[in-house]
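For reference, the structure I am asking about is given below.
Values below: every heavy atom of this structure, side chains too, minus hydrogens, waters and symmetry copies.
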Amino acid sequence: MAHTVYMPNGSMEVLFNLEEDFLKLVERHMGEDAGEIVSSMINNARYEEIKANSDMESYEASLDSNNTAFSDLLDEFEQMEEEIDAKRMNRTNILKLLENCKRIVNNQI
């Protein structure tokens, strides 16, 4: 998409490649030093965008992992409830289920 920049002298510049054309415009009207500053700002913005996207992907993966762990814990709790509701409670099975819960939590920490 083209962007239009209105210059102080009344002229108009159309930017088709926003970053590249804007950088050329700055260099033409303000000099190479200003162009280097703008170029550095663009590169920093790109880096920050990449970093933010990477952090977001990592965060989403962590949420997915936690969701799976909590789902697994719910399954273990349901099995414990079944053991407790049974006519004869099997302590060994309940202890195994508790150990599974501890393992799931430890894997998430």
Side-chain angles (χ1 to χ4, degrees):
M1 180 170 101
H3 297 271
T4 304
V5 176
Y6 296 96
M7 305 304 291
N9 65 4
S11 67
M12 176 180 69
E13 297 281 343
V14 179
L15 310 177
F16 294 101
N17 180 336
L18 184 59
E19 291 175 5
E20 183 180 320
D21 291 346
F22 185 74
L23 181 58
K24 288 178 184 175
L25 186 65
V26 168
E27 288 174 344
R28 187 170 0 131
H29 291 278
M30 297 178 69
E32 288 184 15
D33 290 340
E36 288 177 15
I37 292 170
V38 170
S39 178
S40 176
M41 292 170 68
I42 290 170
N43 290 334
N44 287 339
R46 284 183 185 147
Y47 170 78
E48 291 299 326
E49 179 183 20
I50 291 168
K51 185 174 180 252
N53 287 336
S54 175
D55 290 348
M56 188 175 3
E57 289 172 5
S58 175
Y59 178 70
E60 287 175 351
S62 176
L63 288 176
D64 288 342
S65 178
N66 286 338
N67 189 35
T68 300
F70 286 130
S71 179
D72 292 346
L73 283 171
L74 282 175
D75 292 342
E76 297 295 320
F77 293 148
E78 287 174 6
Q79 290 180 34
M80 279 187 234
E81 285 177 336
E82 290 174 9
E83 283 293 329
I84 292 170
D85 290 342
K87 289 184 179 181
R88 294 188 63 121
M89 193 177 351
N90 186 333
R91 288 176 50 106
T92 305
N93 286 347
I94 293 175
L95 289 174
K96 285 180 186 176
L97 292 168
L98 282 172
E99 286 300 318
N100 287 343
C101 290
K102 285 181 189 177
R103 179 185 47 77
I104 292 168
V105 169
N106 283 330
N107 287 341
Q108 290 305 112
I109 294 177

Is Leu18 linked to Leu25 within one hydrophobic cluster, defined over Ile, Leu, Val, Met, Phe, Trp and Tyr using a side-chain heavy-atom separation of less than 4.5 Å?
yes
What is the minimum heavy-atom distance between Gly35 and Val26, and which atoms define it?
N-CG1, 3.9 Å
Would a single hydrophobic cluster contain both Met7 and Phe22, if residues Ile, Leu, Val, Met, Phe, Trp and Tyr are joined by side-chain heavy-atom contacts under 4.5 Å?
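Per the 4.5 Å side-chain linkage, Phe22 and Met7 are co-clustered.
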Approximate separation, where rounding is to 0.5 Å, of Phe16 CZ and His3 NE2:
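Here the rounded value is 11.0 Å.
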Is there a path of hydrophobic side-chain contacts, each under 4.5 Å between heavy atoms of I/L/V/M/F/W/Y residues, joining Met89 to Leu98?
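Linked, Leu98 and Met89 end up in one cluster.
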Main-chain N/O of Asp64 paired with Thr68 side-chain donor or acceptor, under 3.5 Å
yes
Find the distance between OG (Ser58) and CG (Leu63) and round it off to the nearest 0.5 Å.
9.5 Å
Only distances under 3.5 Å count here; give the side-chain donor-acceptor pairs of residues 102-109 to other protein atoms, sequence neighbours excluded, each with its distance to 0.1 Å.
| unit_1 | atom_1 | unit_2 | atom_2 | d |
| --- | --- | --- | --- | --- |
| Asn106 | ND2 | Lys102 | O | 3.2 |
| Asn107 | ND2 | Arg103 | O | 3.4 |
| Gln108 | OE1 | Ser65 | OG | 3.2 |
| Gln108 | NE2 | Ser65 | OG | 3.2 |
| Gln108 | NE2 | Asn66 | OD1 | 2.6 |

May I have all residue pairs that pass side-chain hydrogen bond (donor to acceptor under 3.5 Å, both in side chains) and include part of residues 26-35, sequence neighbours excluded?
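Residue pairs passing side-chain hydrogen bond (donor to acceptor under 3.5 Å, both in side chains), neighbours aside: Glu13-Arg28.
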Which pairs would a plain distance check flag for residues 76-84, meaning a side-chain donor or acceptor within less than 3.5 Å of a matching protein atom at least two apart in sequence or in another chain?
| unit_1 | atom_1 | unit_2 | atom_2 | d |
| --- | --- | --- | --- | --- |
| Glu76 | OE1 | Asn100 | ND2 | 3.3 |
| Glu83 | OE2 | Asn93 | ND2 | 3.2 |

Identify the two heavy atoms, one from Val14 and one from Ala2, that lie closest to each other, and give their separation to 0.1 Å.
CG1-CB, 3.9 Å
Spacing of CD belonging to Glu99 relative to CD1 belonging to Ile94, to within rounding of 0.5 Å:
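CD1 of Ile94 is found 13.0 Å from CD of Glu99.
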About how many Å separate CG of Asn67 and CG of Asp72, when rounded to the nearest 0.5 Å?
9.5 Å
Should Val5 and Met41 be regarded as members of a common hydrophobic cluster, given that ILVMFWY residues are connected when their side-chain heavy atoms come within less than 4.5 Å of each other, either directly or indirectly?
no
